[in-house]
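Have a look at the structure below before the remarks.
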Amino acid sequence: MNDMPKITDICASDITRMAGLDTGPVPSYPYYSPEYFELERENLFKRAWLTIGRVEQLPEPGSFVTKNIEIWNAPIVVTRDSKDHIQAFYNVCAHRGNQVVLEAKGKAARFSCGYHGWTYRNDGGLLGIPDEANFFSVNKKTCGLRPIATAVWEGWIFINHQPEPEVSLETYLGGFGQAFTNMVWGNATKSILFEAHLNANWKVIADAFAETYHIPCIHPATIGSTFANRVNPFSRPISAEFWGPHRQVSTFGNPDYAPPTHARVEQMAYANIDTGNVLGAAQKGAMEAFLAHPAVNPSRSQHWAVDVTWAFPNFQIDLSPGGFWSHRFWPVSPNSTRWEAEFHIPDATTARERLQQELYVARIAEILLEDVTNTERTQRGIESGAFPFMQLQDGEVMIRHSLHHVDKWVKARTVAEALA
Ligand code: FES
Ligand SMILES: [Fe+2]
């Protein structure tokens with residue numbers, strides 16, 4: 001066929017050099033060294049802004065959610081108070097350290113510690129101490145829930161371990177934050193959260209979602225034909241952009257993909273989204289504002305499937321014709337990670353839409369399992385020390401970019417130096 005496009009017309013090449021990165025092998029020890037993990041904890045995760053979710057998860061005054069930030073050794077509670085202010089606190093009682101809020105989420109004007117009954121307002125202030133007269137000189141003003149630096153960007157709630165962060169969230173996100181200003185985060189009010197504890201370094205899990213080179217091998221039956229075709233059999237990316245430590249790679253979608261004729265349910269689902277490249281839970285036409293945003297499919301390619309977008313260090317947002325989803329990779333130890341993946345689903349208005357959504361969720365679960373099946377094996381292989389280096393190709397540029405910036409933060413004396 002003479003009119004077949006060439007891979008060089010569709011895909012980006014030499015992304016790694018374009019990003020200013022080296023092209024040699026990368027070291028393996030950051031994936032298992034306990035010393036390196038402690039440096040990541042102190043110099044990266046305790047200095048960077050980290051996202052813990054969206055404002056829609058705190059829908060009204062009094063709403064709260066609790067989280068465990070393992071890399072900080074800290075249980076936290078995030079509240080929306082009566083003035084609509086969103087704030088994270090250590091979920092720790094000022095009396096003797098018990099965890100104050102035990103529910104995962106809910107709505108409350110005040111919290112009462114289950115140990116001796118100290119009570120707190122949802123803005124963190126200490127309300128009452130049972131038998132206060134028998135204490136000596138407790139200053140109630142300094143015994144509220146201890147606040148954590150909190151900021152919101154485009155509906156995403158970020159926290160910072162530094163009591164007074166060296167840089168604002170705006171400075172931290174820089175050009176990346178600007179590129180996504182006024183994004184339409186459709187269907188953010190409803191989500192399905194997948195969570196797993198995996199015996200692998202957080203970067204091994206993150207790397208599983210940082211390239212499409214694996215797609216023909218790992219996902220042949222699920223999305224192999226949507227992310228690759230005869231022109232681009234190894235799913236090379238179509239474009240990439242980098243903003244300091246943050247990044248976005250647009251992945252290839254096969255525009256000719258159609259579900260096989262026997263797959264009637266899948267055909268119904270595909271008919272409801274415009275491009276046909278990936279399954280989505282959204283309805284045709286409802287995604288216009290989202291898809292028109294310049295940060296979505298920025299090269300306006302006809303061969304676009306998903307923008308894999310990364311707010312450094314551990315937060316991935318994926319933008320697709322059917323909407324967005326996200327991953328957060330929470331380090332627990334050098335070789336264990338808590339992984340969260342969250343997908344958004346609008347209200348179904350017809351039986352057909354409901355069927356489409358059920359298919360979407362089932363298909364996602366299948367794909368995610370394919371993605372993480374390798375990770376614990378990979379960790380054991382890396383930890384064996386058989387190879388002190390890994391080989392990365394151009395399509396794996398996000399892994400290299402991440403390693404480069406993690407290392408920069410680990411070694412930098414200040415956040416300004418890490419971001420420079
Ligand atoms: S530890 Fe909370 S009231 Fe005693
Ligand atoms: Fe995958």
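Whatever order the structure lists them in is the order used to number ligands and atoms, beginning at 1.
- For residue Cys93, an N/O/S atom approaches atom 2 (Fe) of ligand 1 to within less than 2.8 Å.
- Checked against a 6.0 Å centroid threshold, the rings of His405 and His246 do not count as neighbours.
- Residue His95 approaches atom 4 (Fe) of ligand 1 most closely through its N/O/S atom ND1.
- Rounded to 10°, the angle formed at the Fe ion (ligand 2) by NE2 of His219 and NE2 of His214 is 100°.
- Protein heavy atom nearest atom 1 (S) of ligand 1, with residue, atom name and distance: Arg96 N, 3.4 Å.
- Heavy-atom proximity to Gly117, at under 4.0 Å, picks out these atoms of ligand 1: 3 (S).
- In summary, an N, O or S atom of Asp371 is located under 2.8 Å from the Fe ion (ligand 2).
- Aromatic ring centres of Phe242 and His401: separated by under 6.0 Å.
- Every atom of ligand 1 is numbered from 1 in the order shown, and the set under 4.0 Å from a heavy atom of Asn98 is 1 (S).
- Residue Cys113: no N/O/S atom is found under 2.8 Å from atom 4 (Fe) of ligand 1.
- By the 30° and 60° cut-offs, the orientation of the rings of Trp409 relative to Phe312 is tilted.
- Using a 30° and 60° split on the angle between ring planes, His303 and Phe252 fall in the parallel class, below 30°.
- For Phe194, the CZ atom counts as densely surrounded, since its 6.0 Å shell holds more than 12 non-hydrogen atoms of other residues, nucleotides or ligands.
- Atom 4 (Fe) of ligand 1 sits nearest to atom ND1 when only the N, O or S atoms of His116 are considered.
- A ring-centre distance under 6.0 Å is not found for His327 and Phe315.
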